[in-house]
Amino acid sequence: MPDEGPAASPAVPTSLSRELLRWIQSLDLAYSVKNVKRDFSNGFLIAEIFSRYYDKDIQMHSFDNGIALRIKKDNWGQLRIKKDNWGQL
């Protein structure tokens, strides 16, 4: 049997399906999605999407749209705390 290299793992999508992209565009977010990995990496757009559905729990003034590691950790940390709180409902 030929060597197939590292164990096969599912590919991580680098783009969104058309249906998902249309839904995101319909939300009229503050920033348009041009590069999925980069634009969602800091948690800002995720927070904005959640704020549309959980407006009492997510205040966008608490989130920054930056690229610094500190900002990314802070945004995702806030979202993690919210997720943990939602699990207790």
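Note that the coordinates shown come from a computational prediction; the quantities given were computed from them, not determined experimentally. The first residue in the sequence is number 1, and the count goes up from there.
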Worksheet, complete the sentence: Which of N85, L79, D84 passes side chain to side chain contact (heavy atoms under 4.5 Å, CB included) with I81? Answer is N85
Fill in: Cluster check W76, V36: I/L/V/M/F/W/Y, side chain < 4.5 angstrom
yes
Worksheet item: Would Y53 end up clustered with L29 when hydrophobic side chains under 4.5 Å apart are linked, directly or stepwise?
Response: yes
Practice prompt. List the steps, then state whether side chain to side chain contact (heavy atoms under 4.5 Å, CB included) holds for F63 with I58.
Written response: CA-CA 9 Å; F63 294 87; I58 303 281; 3.8 Å; yes
Item to complete: Identify the two heavy atoms, one from K72 and one from I67, that lie closest to each other, and give their separation to 0.1 Å.
Response: CE-O, 3.5 Å
Response to the item:
Distance col, row D64:CG vs R70:CZ, nearest 0.5 angstrom, shows 6.5 Å
Worksheet entry | Atom pair NZ (K83) and CZ (R80), whose distance is rounded to the nearest 0.5 Å | 8.5 Å
Residues 39-48 side chain polar contacts: donor-acceptor under 3.5 Å, at least two apart:
{"from": "D39", "atom 1": "OD2", "to": "K34", "atom 2": "N", "distance (Å)": "2.6"}
{"from": "D39", "atom 1": "OD2", "to": "N35", "atom 2": "N", "distance (Å)": "2.9"}
{"from": "S41", "atom 1": "OG", "to": "R38", "atom 2": "O", "distance (Å)": "2.9"}
{"from": "N42", "atom 1": "OD1", "to": "F44", "atom 2": "N", "distance (Å)": "2.9"}
{"from": "N42", "atom 1": "ND2", "to": "N65", "atom 2": "OD1", "distance (Å)": "2.8"}
{"from": "N42", "atom 1": "ND2", "to": "G66", "atom 2": "O", "distance (Å)": "2.9"}
{"from": "E48", "atom 1": "OE1", "to": "A30", "atom 2": "N", "distance (Å)": "3.2"}
{"from": "E48", "atom 1": "OE2", "to": "A30", "atom 2": "N", "distance (Å)": "2.9"}
{"from": "E48", "atom 1": "OE2", "to": "R52", "atom 2": "NH2", "distance (Å)": "3.3"}

